[in-house]
Amino acid sequence: MNLILLGAPGAGKGTQAQAISAKLGIPQISTGNMLREAVKNGTEMGLKAKAAMDSGDLVSDEIVIGILRDRIAEPDAANGYILDGFPRTVAQAEALDKMGVVIDRVLEIYVPDEKICARMSGRRVCESCGASYHVEFNPTLKDGICDECGGKTVQRADDAPETVLSRLQVYQEKTAPLKDYYQKTGKLLTVEGQDQVAETTKLVFASLGIED
Ligand code: ADP
Ligand code: ZN
């Protein structure tokens, strides 16, 4: 199964992608996590991406399409994958089509903008493995320590309130048109993101026809 998760920044795509990945045994492919990794490692691509990311802008289609193409060619992606954060522009969606990728389902997690802003302040991510948490809605067992790998959990620089607003604008302008793009193919499903992660997961599994 090849799945796309759509939704505003902070809607919970990453968290739900982790849950689906654990359930179906197919990898979560997060372009955001891959880009942050490149920034952390100071690669040439990371240097190019950093300024755009810090200001809440999108990284160029060329860079992102390149890393995505390489990633889905890895052996663990052979039986399907969950795309989290890609495509984010119509050009990226068209690039997927051109690669011959067949998408089975596009799942939109819808959360109103007002809620997004409140949520972002509590988001924490693991520095080592990229797992995401929320201080209130999805806390780690031990304060500041990742449940998955024992790494340190931190707040992302682009989760600052000013940057969150511009990321939401970018989403409305560049990514929201993808809803129409996939609506036309009959593959779009929408669930409303709930405050409780487990509640959202139930809705997500139900809409994908996965046994809980
Ligand atoms: P979010 O929580 O906003 O969904 P991500 O972790 O998916 O965040 O992405 C963080 C940043 O990485 C984005 O704001 C953007 O700068 C960059 N990025 C991630 N995926 C893409 C993409 N498909 N196209 C362009 N830029 C991307
Ligand atoms: Zn971790």
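First listed ligand is number 1; within each ligand, the first listed atom is number 1. Predicted model only: the values in this text are computed from it and were never measured.
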CG/N41: more than 12 non-hydrogen atoms of other groups inside 6.0 Å:
yes

As a test of reading the model: which N/O atoms of the protein lie under 3.5 Å from N/O atoms of ligand 1, and at what distance?
residue: ligand 1; atom: 2 (O); partner: R123; partner atom: NH1; Å: 3.3
residue: ligand 1; atom: 2 (O); partner: R123; partner atom: NH2; Å: 2.9
residue: ligand 1; atom: 2 (O); partner: R167; partner atom: NH2; Å: 3.2
residue: ligand 1; atom: 3 (O); partner: R88; partner atom: NH2; Å: 3.3
residue: ligand 1; atom: 3 (O); partner: R167; partner atom: NH2; Å: 2.6
residue: ligand 1; atom: 4 (O); partner: K13; partner atom: NZ; Å: 3.1
residue: ligand 1; atom: 4 (O); partner: R88; partner atom: NH2; Å: 3.0
residue: ligand 1; atom: 6 (O); partner: R36; partner atom: NH1; Å: 2.9
residue: ligand 1; atom: 6 (O); partner: R36; partner atom: NH2; Å: 2.9
residue: ligand 1; atom: 6 (O); partner: R156; partner atom: NH1; Å: 3.2
residue: ligand 1; atom: 7 (O); partner: R88; partner atom: NH1; Å: 3.3
residue: ligand 1; atom: 7 (O); partner: R88; partner atom: NH2; Å: 3.2
residue: ligand 1; atom: 8 (O); partner: R88; partner atom: NH2; Å: 3.4
residue: ligand 1; atom: 8 (O); partner: R156; partner atom: NH2; Å: 3.3
residue: ligand 1; atom: 16 (O); partner: D57; partner atom: O; Å: 2.5
residue: ligand 1; atom: 20 (N); partner: T31; partner atom: OG1; Å: 2.8
residue: ligand 1; atom: 20 (N); partner: G85; partner atom: O; Å: 3.4
residue: ligand 1; atom: 20 (N); partner: R88; partner atom: NH1; Å: 3.1
residue: ligand 1; atom: 23 (N); partner: G85; partner atom: O; Å: 2.8
residue: ligand 1; atom: 23 (N); partner: Q92; partner atom: OE1; Å: 3.0
residue: ligand 1; atom: 24 (N); partner: Q92; partner atom: NE2; Å: 2.9
residue: ligand 1; atom: 26 (N); partner: V59; partner atom: N; Å: 3.0

Can you find a pair of side-chain heavy atoms, one from D113 and one from Q172, that are under 4.5 Å apart?
yes

State whether the side chain of [X] and the backbone N or O of [Y] hold a donor-acceptor pair below 3.5 Å, judged by distance alone.
X: D147; Y: L141; result: yes
X: Q183; Y: K179; result: no
X: K187; Y: I103; result: yes
X: T200; Y: Q194; result: yes
X: K40; Y: E127; result: yes

What pairs with R156 under side-chain hydrogen bond (donor to acceptor under 3.5 Å, both in side chains), at least two apart in sequence or on another chain?
D158

List in chain and number order the residues that pass side-chain hydrogen bond (donor to acceptor under 3.5 Å, both in side chains) with Y133, two or more places apart in sequence or in another chain; answer none if no residue qualifies.
none

In the shown structure, where waters are left out, how many protein N, O or S atoms lie under 2.8 Å from the Zn ion (ligand 2)?
4

